[in-house]
Number of protein chains: 2
Amino acid sequence: MTDDATASPAMPAHPGFALLLVQLGMEGARQFGERLAPLGVEPRHVGMLARLAANEGRAQQVIGELIGLNPTQMVFLVDELESRGFVERRRNPADRRSYGLYLTPAGKDMLGKVQELAQVHQAELGKSLSESEQDQLTELLRRIARDQGISGQSLPGIPPRRR
Amino acid sequence: MTDDATASPAMPAHPGFALLLVQLGMEGARQFGERLAPLGVEPRHVGMLARLAANEGRAQQVIGELIGLNPTQMVFLVDELESRGFVERRRNPADRRSYGLYLTPAGKDMLGKVQELAQVHQAELGKSLSESEQDQLTELLRRIARDQGISGQSLPGIPPRRR
DNA sequence: TATTGTTATACTCTATAACTATA
DNA sequence: TATAGTTATAGAGTATAACAATA
């Protein structure tokens, strides 16, 4: 484990919701990653694309701060997205040290596809529950997330800047 | 991420339960790891201890199979637990190539403490919900876990043997 | 020859620090 | 000198393959 983002409260026959959350979170992430693979992107790319869509034109390191990635990590991630044609670096004429990051049309297409995929993924994951049960679940999880300081903008898989 | 067990379905203002599960799973695991730290153990040790308690005396590689760890990983993990005095390797007289693994009294103590900690952890995580809401949540998550083939014995953080 | 456990090796990831070009 | 971005380097983690002892 990296920062050890993995845990296993001891294992009773009927696990509590804390252990279930970890198990389901990891399994869900894994499945989503598999669904993503045919599109030629990985989970980390998706988080970046989504963030970029909301912050077009801002400098690389500024966006890195928002996501919780250091400059080095940003370089590699943006390199990957640029080589795939999803992101464009444009020099800032006012300060030629910095770049503004922009989604290309292909990047926007990809983001749209990914969002569709996310819906399919969630439907598959929740197939055992009725629609109203899914709403219930969502509501309960949102309450926990809110009280744990997890926003809709928090990116899983990208550790928030520590210390 | 490792096997990239992390995902981020694109990020709407009101995230669905699939994204919430990943976010909460990772955050919960992280918090549990922090609670564990003062005891001198890490999440992976805990999963191992729990598995061992249910399989005392079986050979190292047999238990590794159960958990989904290869022989190399088992050596390191058991080394760590042995150096902490929680696990004992005993030669099998019938087949002197293999060891049986046993929890020491200290190991059982530690497992007990960890289980208490897990309860505290879950109480903290669920503090925003009433008791009946927590039961509801647990029930909904169990249904999903069952249909996704996740057993109470599945260890998060230790990828199940693939292929 | 096959199997248990161990050690050695290579590969990936991550984090830190050094470098460049602008300011 | 300070900052944006990049590159280089070192450490941790993981996976594969070679190895010694026993069967």
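Numbers restart at 1 for each chain; the letters A, B, ... are given by sequence-line order, proteins then strands.
- Proximity of B:L52 to B:V87: side-chain heavy atoms (C-beta onward) are separated by under 4.5 Å at one or more points.
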Which letter, B, S or -, goes with each nucleotide of nucleotides 17-23 of chain D from 5' to 3', with contact meaning a protein heavy atom under 4.0 Å? B---BBS
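- If you check the side chains of A:E124 and A:Q31, you find no donor sitting under 3.5 Å from an acceptor.
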Please walk me through it: do B:I150 and B:I144 pass side chain to side chain contact (heavy atoms under 4.5 Å, CB included)? CA-CA 9 Å; B:I150 296 174; B:I144 298 182; over 6 Å; no
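- At a non-hydrogen distance threshold of 4.0 Å, nothing from residues 78-86 of chain A comes into contact with DNA chain D.
- Nucleic acid contact class of B:Q60 (heavy atoms, under 4.0 Å, all strands): sugar-phosphate only.
- Two different hydrophobic clusters hold A:Y99 and A:V78 under the rule that ILVMFWY side chains link at heavy-atom gaps under 4.5 Å.
- Stretches of at least 3 consecutive Watson-Crick or G-U wobble pairs, with each checked distance under 3.5 Å, appear in DNA chain C as C:1-23 with D:1-23.
- Counting only residues at least two apart or on different chains, the salt bridge (Lys or Arg N to Asp or Glu O under 4.0 Å) pairs with a member in residues 93-111 of chain A are A:E56-A:K108, A:D95-A:R97.
- Residues B:E116 and B:V120 form no side-chain contact, since every pair of their non-hydrogen atoms from C-beta on lies 4.5 Å or further apart.
- Rounded to an integer number of Å, the gap from B:E65 CD to C:dG5 C1' is 14 Å.
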Apply side chain to side chain contact (heavy atoms under 4.5 Å, CB included) to the pair B:L141 and A:L137, showing each step before the final yes or no. CA-CA 8 Å; B:L141 294 178; A:L137 174 61; 4.0 Å; yes
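- Remark: P of D:dG13 and CG of B:N70 are 15 Å apart, rounded to the nearest angstrom.
- Distance CE (B:M74) to P (D:dG13): 18 Å, rounded to an integer number of Å.
- Between the CG atom of A:L69 and the P atom of D:dT6 there is a distance of 14 Å, rounded to whole Å.
- With sequence neighbours excluded, the residues satisfying side chain to side chain contact (heavy atoms under 4.5 Å, CB included) with A:E80 are A:R44, A:H45, A:L77, A:R84.
- The two residues B:L36 and B:E42 come nearest to each other via the heavy atoms CD2-C, 3.9 Å.
- Across the interface with DNA chain C, nearest-nucleotide mapping of A:F76 and B:R89 shows B:R89 to be the residue nearer the 5′ end.
- Residues passing the side chain to side chain contact (heavy atoms under 4.5 Å, CB included) test with B:A123, sequence neighbours excluded: none.
- A salt bridge links B:E27 and B:R30; the closest N-O separation between the charged side-chain nitrogens and carboxylate oxygens is under 4.0 Å.
- Atom pair A:Q73:CD and D:dT7:P shows a separation of 16 Å (rounding to whole Å applied).
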